Amino acid sequence: MRKPILAGNWKMNKTRDEVIQFTLAVTNRLPDDVDCIVCAPAIYLRDLVKRSPSHLHIGAQNMHEKDFGAYTGEVSPIMLKDTGVEYVILGHSERREYFNETDEKINEKIKKALEVGLKPIVCVGEKLETREAGKTNELLESQITKAFTGVTIDDTANVVIAYEPIWAIGTGKSADAKTAEEACGFIRNVLGKVLSPKVASEIRILYGGSVKESNISEYMAERDVDGALVGGASLKPESFIELCEKTA
Ligand code: PGA
C-alpha cells in the first residue's frame with residue numbers, strides 16, 4: 001500500500017511572515033493518512049523545521065551535488081540535512097530550463113541526496129512539442145534511466161517521482177487524468193526495468209501541473225498516481241489543507 005503524498009512547491013514565493021502564518025494556519029488541520037510536504041525557499045527551511053506541526057514534512061527545492069566547496073551562492077546537501085530537512089526536489093523543469101541542469105547533473109544530485117539521507121522528489125516530464133511529436137515515452141524512459149544510473153535498489157525506498165508535463169506547469173492547462181495515469185504507469189514500468197519490479201511497485205509517483213482543489217480527486221482516482229506536486233495552489237493554507245484532505 002503506497003501512502004499518498006501532497007507536496008507543495010512554493011518556488012520563489014512568500015515572505016518570512018507569510019511562512020510563519022502558514023505553519024500556524026495548518027496546525028492540527030492536516031490528515032494523518034497523507035504525507036503532507038512543503039518545499040520552500042532555502043532561507044525559510046530552518047524556520048519551517050522548527051515551527052511546523054510534526055505531520056508537516058519539509059523539503060528543499062534544489063541542492064548542490066557536492067558536500068562543501070567553492071560554489072558561491074549554492075546550498076549543500078549536508079547543510080540541508082543539518083537543518084532538519086527531509087525531502088529535496090531534484091530536476092524540476094524550471095531548474096532544467098533556466099539553470100541548465102542536465103540529466104547527468106540530476107543523477108549526481110540524486111546519488112548524493114540518498115547518500116546523505118535526504119529523500120529526493122525527482123521530476124520528469126515532456127515539453128508540448130515532444131508530446132505532439134509522439135515522443136513522450138521515449139523522453140520519459142531516457143530521463144528515468146539517466147536519473148537512476150548507478151543508484152542501487154537498497155537506496156530507493158525513499159525516492160519519490162513527480163511526472164510534470166512542462167506544458168501543464170503554471171499554465172492552468174492540466175493534463176487530463178487519463179494522460180497522467182498513462183505517463184505514471186509508463187514510468188512505473190521503466191522503474192521496473194531500471195531498478196526492480198518490487199521497487200517499482202513501491203515507489204510513489206506524483207502528478208504535477210496545474211493541480212488544484214477542483215481537479216485533484218480525478219488524479220487520485222487513478223491507479224498509478226500516488227499524489228500530487230502542486231505549485232500555485234499550494235501557497236494559501238486553506239487550499240493546501242483542502243488539497244491534502246482530497247489526497248487521502
Ligand atoms: P503548478 O506548478 O501547480 O503551479 O502548475 C507545479 C510545479 O511546478 O511543481
Side-chain angles (χ1 to χ4, degrees), residues 4-14 18 22 26 34-42 44-45 48 56-63 85-101 106 109-110 113 118-128 130-131 136 139-140 143-144 147 159-177 179-181 183-184 187 204-220 222 225-247:
I5 293 181
L6 190 288
N9 174 10
W10 285 351
K11 309 192 181 184
M12 197 174 71
N13 289 298
K14 287 196 185 293
E18 287 167 349
F22 184 98
V26 302
V34 176
D35 282 338
C36 307
I37 307 168
V38 287
C39 298
Y44 301 136
L45 291 172
L48 277 165
L56 180 63
H57 303 264
I58 308 304
Q61 299 173 4
N62 179 39
M63 59 170 225
V85 167
E86 193 179 338
Y87 289 89
V88 58
I89 297 176
L90 294 177
H92 190 279
S93 61
E94 287 152 15
R95 302 271 344 151
R96 292 179 192 255
E97 185 174 350
Y98 306 137
F99 303 94
N100 304 319
E101 284 197 13
I106 293 158
K109 292 188 180 196
I110 293 168
L118 291 164
K119 301 174 181 172
I121 302 174
V122 180
C123 301
V124 294
E126 80 287 0
K127 291 187 175 148
L128 188 57
T130 308
R131 176 157 288 274
T136 299
L139 178 89
L140 293 177
Q143 287 180 326
I144 292 285
V159 170
V160 178
I161 310 279
Y163 166 62
E164 296 207 307
I166 295 169
W167 47 271
I169 295 178
T171 58
K173 191 175 173 290
S174 53
D176 62 35
T179 304
E181 169 61 17
C184 292
I187 289 167
R204 292 175 290 177
I205 306 180
L206 317 180
Y207 166 73
S210 297
V211 173
K212 41 190 183 285
E213 301 94 298
S214 59
N215 63 13
I216 188 154
S217 302
E218 294 166 31
Y219 301 109
M220 292 314 297
E222 297 294 338
V225 181
D226 304 313
L229 180 57
V230 187
S234 73
L235 290 166
K236 292 206 184 89
E238 293 307 317
S239 308
F240 183 78
I241 293 165
E242 191 176 335
L243 285 162
C244 289
E245 283 167 348
K246 288 184 167 169
T247 305

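Note that this is a predicted model, so its numbers are computed, not measured. Order of appearance sets the numbers: ligands from 1, and atoms from 1 within every ligand. Values below: all heavy atoms of this structure, side chains included; hydrogens, waters and symmetry mates excluded.
- Judged by distance alone, with hydrogens and angles left aside, the side-chain atoms of Lys127 form no donor-acceptor pair with the main-chain N or O of Ile166 at under 3.5 Å.
- Annotation for ligand 1: atoms under 4.0 Å from non-hydrogen atoms of Lys11 are 2 (O), 7 (C), 8 (O).
- Each of the atoms 7 (C), 8 (O), 9 (O) of ligand 1 lies under 4.0 Å from some heavy atom of His92.
- The protein atom (non-hydrogen) at minimum distance from atom 7 (C) of ligand 1 is Glu164 OE2, 3.2 Å.
- Judged by distance alone, with hydrogens and angles left aside, the side-chain atoms of Asp226 form no donor-acceptor pair with the main-chain N or O of Val160 at under 3.5 Å.
- When only interatomic distances are considered, the shortest N/O to N/O separation between Gly170 and ligand 1 falls below 3.5 Å.
- Expressed to the nearest 0.5 Å, how far OH of Tyr207 lies from CD1 of Ile216 amounts to 11.0 Å.
- Atom 3 (O) of ligand 1 has Gly231 N, 2.8 Å as its closest protein atom, hydrogens excluded (heavy atom only).
- For an aromatic pair to be called close, the ring centres must be under 6.0 Å apart, and Trp10 with Phe240 fails this.
- Smallest separation of non-hydrogen atoms from Glu213 and Ala233: OE1-CB, 4.1 Å.
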For a side chain to side chain donor-acceptor pair (under 3.5 Å) check, start with the C-alpha distance between Glu101 and His92, then their side-chain angles and the critical distance, and finish with the verdict.
CA-CA 9 Å; Glu101 284 197 13; His92 190 279; over 6 Å; no

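- Among protein heavy atoms, the minimum distance from atom 4 (O) of ligand 1 is reached at Gly232 N, 2.9 Å.
- By the 4.0 Å heavy-atom criterion, Ala162 is excluded from the residues contacting ligand 1.
- In summary, the atoms of ligand 1 found under 4.0 Å from a heavy atom of Leu229, numbered by their order in the structure, are 9 (O).
- Atoms of ligand 1 lying under 4.0 Å from any heavy atom of Gly209, numbered from 1 in the order shown and given with element: 5 (O).
- At a 4.0 Å heavy-atom cut-off, ligand 1 touches Ile169 through backbone and side chain alike.
- Distances from ligand 1 to the non-hydrogen atoms of Ser210 include at least one value under 4.0 Å.
- The part of Ala168 lying near ligand 1 is the backbone, judged by heavy-atom distances below 4.0 Å.
- Annotation: side-chain hydrogen bond (donor to acceptor under 3.5 Å, both in side chains) contacts of Tyr163 (sequence neighbours excluded): Glu126, Arg131.
- No donor-acceptor pair closer than 3.5 Å links the side chain of Glu86 to the backbone N or O of His57.
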